Structure formats: structure tokens, C-alpha cells
Amino acid sequence: MRYSQMLLPTTKETPSEAEVVSHQLLLRGGFIRKLTSGVYTYLPLGLAAIRKVGQIVREEMNRAGAQELLMPMVQPADLWRESGRWQKYGAELLRFTDRHERESCLGPTHEEVITDLARRELQSYRQLPMSLYQIQTKFRDEIRPRFGLMRGREFVMKDAYSFDVSDEAAGESYDKMYQAYHRIFRRCGLDFRAVEADTGTIGGSFSHEFMVLAQTGEDTLVICEQCSYAANVEKAMIVLPDECLETGELQAMRKVETPGMKKVEVVAEFLKAEPADFIKTMVFFVDEEVVAVLVRGDREVQPVKLKNLLHATEVELADDDAVFKKTKLPVGYLGPIDLPIKVVADQEVMRMRNCICGANEKQYHLTGVQPGRDFIPAMTGDLRQITADDSCPACAGPLKLTEGIEVGHIFKLGTAYSEAMNATFQDCEGQAKSFVMGCYGIGVSRVVAAAIEQNHDQHGIIFPLPLAPFQVILLNLGLNSEDITGAADQLYQDLQARGVEVLYDDRDERPGSKFKDADLIGIPFRVTVGKTYEKEGKIEIRNRLDGRTETVDFDLAADVVTGMVKTEMARYTA
RNA sequence: CGGGGCGUAGCGCAGCCUGGUUAGCGCGCCUGCCUUGGGAGCAGGAGGUCGUAGGUUCGAAUCCUACCGCCCCGACCA
């Protein structure tokens, strides 16, 4: 491609709306333009990068035995009513009514459509297993889209669905996808981890998220430094040490005056105790019900764990005003003893001795409280957020917390959708059975953003070669010289003839601009034809990543560059 | 939806508080000269319903009201 003919509008200045680096560089580099909130046009360069990801995904999906199809973006409400998600999905599902008053929605995901297809077209166990996928634009009406391609409302997603005869077979399909995902992200050149995850609104029994490690990530992960354990903090199980930590004599419960003190730290200082001696009582709205959650004073409640323990659909931390309005309880002085609402406790709380907690009476706390003796919660379980001080649930090794960008998510769905939608096949005994399903997503456009978050410097993007919209950028720095231009033109053709993807900068621009743009858009190899060619008949090849430059004879240039591209590409095989 | 901020040329911004001739600046764009290895220089030029509607006023980018859009924080979320 000749740069002079390409729509590639780079800018010097950073648009004010962009917060994170991938968003800034995608705008500055002329990859994307915003149409409206969370909705972007992919310019030629941006589309090229997305296609690169798409192609890798496609190859690995096919290798894993999945077949590509393409489903409609517009979906009828009736299908969503069958699965129950017309009610459950909430405002993120963009709904509308057509001229015939038929209710419809824009597809945020395609479980309903694919399950409908399966129940029509798959009748026999002989047709199974079956895996189908598509790469398509999805729409989710995010409350707050942000960070450019990282969290748009419209985005390109690969979604795959598997249908199996049994739970065991479905497990095999899941494993295949798990392997395929590893290959995909390895081939994309990303630093990533697969982590155990919560299943969210998609539902299902088991799931892994694929996380690109980057500081701008919206999720927090916990990773074991010793073994391969990794999990989203929403899910990360906490294993308490075997021995009881607290020793010493059991005290009797005592009421103490703590005027004007609500925060754990304040009361702790006043009573010369540690926050870890406290039982903190947090109030949540759990599907309209008011629930008190007990954790140790220095811990945080993990709402997703709470949601799962109580089998709730919605969990929200209640603010003080709301709590008081609803319960008339003395906010700030709450404690588990004689509390007139449902109380659930983190497992750790039950091991504490001689605790301090609110007295459910203004200006008073209790000391010497014994869980189990002085109160018994309705339910106990793992409810707190894991910390770096906890030990690995798998090997008891040390843990590390880190941020991640979710680029893929795979779910073992089971029969949730097939049962709801009556999607069955006949097994070998002629019995009707529900399909055992799995679903597998990759945020294709998000992968591009994540790759940039992970691979950039002060000058711009540094694409891993497999994702680069072009492999080589060829600079002609002598437009006025027939000699140089002739050589550059020739090299452009020679490279193309060798199958190298090359962007030929033949613009009438000064060298400085060309260098800056080349750095900004992140093409891995830069080839320069200029002064050095005129003087010595040599061209320069520079690696965007490390800045290393080689000078080679013009006659060898095409072969040397092609060789470098091939060698570099070979590093990314899965 | 709650809190905050912003809408002035393609982009980034000033002007608004304290209303008053032709609304500025930088980048980009067009023409010419000159220049050509890290976003050059000079000269000339094009480009604006000041987000929209209404109001106050002799007079509104500027003050008031409503609406629309965008960004940030929160809740929410693959």
C-alpha cells in the first residue's frame, strides 16, 4: 500500500477525550474515529489490525474443529423470553420495536439464536459433538463506555458454541477450546494468563477468563508465584490455615462507650486494639432483602462471592442513609448480636476470639465477643476479597495481585439454555436429551487495544509482528532524487513479490515526519532508502522494538528484510 | 441514574466572570518560494449557524431557562 493514497490521518496532539494509552495511540495513529459514545469507525489501519487478530482466531477455531457461520445481529424478543433473559439481561440489552410492533433486540451475544438453530438442525447424537463460531459486531448498551476499544458499546467479538451429548463430552469440548485459546493469545504475542472466573449473566457452572496483564486492566487477578494457580479476585477461593490463630482466654462480653466513633480504625485506636480484632458489619441489599455481612475489621467483602453464596441475582452495598431509612438501625454501630436482619459471616469471622463489634446502640461497641457463643449467623462462607497475604489455595505458595484486561472468556454452560429452550437430540437409545453446551468468547477489537496497552513506548505503538497492520514500513526519503525513488519503488515491488506486507511511505513529507509516523503506528520493521543509498548503495533496516539498525546492500535488501520478517514471525508459533 | 466538567474552524485551546465594531491563537489544510535523515522557515490564503431552542437587553459566544451531545468519578458490566 502506498501511504500517499491511504486514509491514515495521524495527529501530533492527543485528543482530550482519551484517557488510556491504547485509546490515545489508536486515535493519534489514525486507527479509529469515534462516531458516538462507545461506537467507533475502524479506519483502514485499524481494520487491518482487527483482521490480523480475526485471522489467527479463525485458524485456531478451525484447527479445534469449529465451523464458522454468521448469525443475525437483530434477534426476536420471543427467543429471549424462552431463555428467560428478556427479563434478566437488563438495560444492557438494546431493545426496540419494529413497524409491525414486534419486539426485538440487538444481539449482545448469541446463545438464544444458536440454541434455536441447534434444536432445528441437530436431531441425532450422531451429529455431535458440534462446535460453531462467528466473528461479528456485537452491541451492548454499556452504562458507561470508556477507554476507546477497551469498553465500547459496539465491538467485534468471536463467539463460539459447542453442543455435546454428555457432561463428559462437553468437558472435552471445553478443554479443546481452552487449548485453542492458549494458542491464539500466544500467537498474538500477548503476555496473558488463564484464570478461574465468575460466570456472570451468561450463567453456567465453570469458566475461565483469559487476561492480558496490563496496569490499565479493569479486573484484578491473583496469581500464585509458585504454581500455575490464577484466578479473578471475584472468584479466588480463600483457604484458611489449619490452626486457630487466636489464642488466650475467652473474655466475657462487655459494653464500652465509643462516642462519635464509627470507623473501625478510629475505634481501634481508641480501644488500643487492631482492626483485625474487629468484626465489621457491612449492610448489602441482596435482591431487595437487607443483609448484614460480617468480615474481619481489616478485610473487604467481595460482593460477587456474596451473590453466589446467597444465590442472588443482584447485590449492592447499601449506603448509610439507605440503611437507616430501611431499618432504622444505628448505622456505624452495627454488630451481629441481636441484629434484626439476616446475618451472614465470612468463614474467618467464626475463628475469631475476643472480638470487638458494634452494639447496635448509638455510641456503644461491644468487646469480648465470641462468634458461636454470642451470636450464630444464618450462614457462613468464603465472602471476603483475597489479599496478597493469603496463600495459594492450590499449593499454599505466596500470591501476587495484578491487573488484567479480559480478552477471552470460556464457559461450561451445561443444559441451562437447551433445557429452557427445549433443545434436544435423540441419544443412541432413542431418548430425547438436552444438549450439553459451552460458549466461548474473544473480544477481537479489545485484543488490539490490550496489545497496545502491553506494547508501546513514548513514541507510539510497538505491535507484535502477528498483529501489525503491516509488517514493514518502507520510507522513501528522496522523492526529488530519481535514484533514491527508483530504488525505493523497486524495493517496494520486490518485498511485495516476496509476500511481505509493506506500507510504502511515498508522501512528500520531510524525513522527520515520516520517522515520527512510522514510530507512532508501530510497524515492527522500518526500511529506509535515503542518503545512505545515494552515497553507498545501502539501505537501513530498523527494528521498532529495540531500535537496532542494520545497513545492507540494496541488492540484498529484499531478501534480508524478508528473512527478518520470517524469523520474527516464527517466534510466535503456538 | 447520582456527582463533577466541557461544547467556539478538521484537531487542541483562549475569549465568557465584568455583554459593545471585522471572534482570536497553535497545529493541520491550500498557493508560492525555500528546505529535505527525527514532526523546518518565510510570504500569502481558505475555513466559524460560537451545540440547539427560547428568553433578558438598544445590543448576547458572553447573562437566564430548557433541551441535546461528549468526557470524568460512582453504581453496573463479557
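Numbered from 1 within each chain, the chains take letters A, B, ... in sequence-line order. Predicted, not measured: the structure shown is a model, and the values here were computed from it. The figures that follow rest on heavy atoms only: side chains count, while hydrogens, waters and symmetry mates do not.
- The pair Arg544(A)-Asp457(A) counts as a salt bridge, with a side-chain nitrogen and a carboxylate oxygen less than 4.0 angstrom apart.
- A pairwise comparison of heavy atoms in Pro524(A) and Phe470(A) identifies CD-O, 3.5 Å as the closest pair.
- Base-pair partner of C63(B): G55(B) (Watson-Crick or G-U wobble, both distances under 3.5 Å).
- Annotation: the span from Glu60(A) atom CD to Tyr181(A) atom OH amounts to 12.0 Å, rounded to 0.5 Å.
- The existence of a salt bridge linking Arg85(A) and Glu112(A) is confirmed by a sub-4.0 Å separation between a basic side-chain nitrogen and an acidic carboxylate oxygen.
- Nucleotide C1(B): paired with G74(B) (Watson-Crick or G-U wobble, both distances less than 3.5 Å).
- A 3.5 Å limit on both hydrogen-bonding distances identifies no Watson-Crick or G-U partner for U21(B).
- Evaluation of atom-type donor-acceptor distances gives no pair under 3.5 Å for the side chain of Arg144(A) against the base of C77(B).
- Residue Glu13(A) is classed as a base contact, given a heavy-atom separation below 4.0 Å to a base.
- Across all strands shown, A9(B) has no partner, as no Watson-Crick or G-U wobble contact with both distances under 3.5 Å is found.
- Atoms CZ (Phe147(A)) and C1' (C77(B)) sit 13 Å apart, rounded to a whole Å.
- For Lys52(A), the salt bridge (Lys or Arg N to Asp or Glu O under 4.0 Å) partners two or more places apart in sequence, or in a different chain, are Glu501(A).
- Atom CG of Leu7(A) is separated from atom P of G10(B) by 17 Å (rounded to the nearest Å).
- With rounding to whole Å, Glu17(A) atom CD is found 7 Å from G12(B) atom P.
- Comparing C71(B), C77(B), G74(B) by their closest approach to the side chain of Glu92(A) singles out C77(B).
- If you check A75(B), C77(B), G69(B) against the side chain of Arg151(A), the one that comes closest is C77(B).
- Val315(A) comes within 4.0 angstrom of the backbone, heavy atoms only, and of no base.
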Can you tabulate the close N/O pairs, meaning under 3.5 Å, that link protein atoms to atoms of nucleotides 31-41 of chain B?
| from | atom 1 | to | atom 2 | distance (Å) |
| --- | --- | --- | --- | --- |
| U35(B) | O2 | Arg510(A) | NH1 | 2.7 |
| U36(B) | O4 | Asn480(A) | ND2 | 2.5 |
| G37(B) | OP2 | Lys531(A) | NZ | 3.1 |
| G37(B) | N7 | Lys531(A) | N | 3.2 |
| G37(B) | O6 | Lys531(A) | N | 2.8 |
| G37(B) | O6 | Thr532(A) | N | 3.0 |
| G37(B) | O6 | Thr532(A) | OG1 | 3.0 |
| G37(B) | N1 | Glu540(A) | OE1 | 3.1 |
| G37(B) | N1 | Glu540(A) | OE2 | 2.8 |
| G37(B) | N2 | Glu540(A) | OE1 | 2.2 |
| G37(B) | N2 | Glu540(A) | OE2 | 3.3 |
| G38(B) | O6 | Arg526(A) | NH1 | 2.9 |
| G38(B) | O6 | Arg526(A) | NH2 | 3.2 |
| G38(B) | N1 | Asp519(A) | OD2 | 3.0 |
| G38(B) | N2 | Asp519(A) | OD2 | 2.3 |
| G39(B) | O2' | Lys12(A) | NZ | 3.0 |
| G39(B) | O6 | Arg28(A) | NH2 | 3.3 |
| G39(B) | N1 | Asp517(A) | OD1 | 3.0 |
| G39(B) | N2 | Asp517(A) | OD1 | 3.2 |
| G39(B) | N2 | Asp517(A) | OD2 | 3.0 |
| A40(B) | OP2 | Arg510(A) | NE | 3.3 |
| A40(B) | N7 | Arg510(A) | NH1 | 3.0 |

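- Classified by interplanar angle (parallel below 30°, tilted 30° to 60°, perpendicular above 60°), the ring pair Phe210(A)/His182(A) is perpendicular.
- Using Watson-Crick or G-U wobble geometry with both donor-acceptor distances under 3.5 Å, A43(B) finds its partner in U31(B).
- Across all strands shown, A14(B) remains unpaired; no Watson-Crick or G-U wobble contact has both distances below 3.5 Å.
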Criterion side-chain contact (heavy atoms from CB on, under 4.5 Å) on Phe147(A) and Glu453(A), from CA distance to verdict: CA-CA 11 Å; Phe147(A) 305 149; Glu453(A) 290 295 333; over 6 Å; no

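- Nucleotides G15(B) and G20(B), compared at atom P, are 14 Å apart to the nearest Å.
- Note: CD1 (Ile143(A)) to P (C70(B)) measures 16 Å, nearest angstrom.
- One atom, CG of Leu8(A), and another, P of G28(B), lie 16 Å apart when rounded to the nearest Å.
- Residue contacts shown for Lys138(A) are absent, as no nucleic acid heavy atom lies under 4.0 Å away.
- Straight-line distance from the CG atom of Asp287(A) to the P atom of C76(B): 13 Å, rounded to whole Å.
- When both pairing distances are held under 3.5 Å, G37(B) makes no Watson-Crick or G-U pair with any nucleotide shown.
- Classification of the His23(A)-Tyr40(A) ring pair by plane angle, with boundaries at 30° and 60°, yields perpendicular.
- For the pair Glu154(A) CD and C77(B) P, the computed distance is 22 Å after rounding to whole Å.
- Comparing C77(B), G69(B), G74(B) by their closest approach to the side chain of Arg146(A) singles out G74(B).
- In terms of the side-chain contact (heavy atoms from CB on, under 4.5 Å) criterion, residue partners of Glu154(A) (sequence neighbours excluded) are, by chain and number, Val39(A), Thr137(A), Phe139(A).
- Among the protein residues, Phe155(A) comes within range of the nucleic acid bases, having at least one heavy atom under 4.0 Å from a base atom.
- The distance between atom CD of Glu142(A) and atom C1' of G74(B), rounded to the nearest whole Å, is 15 Å.
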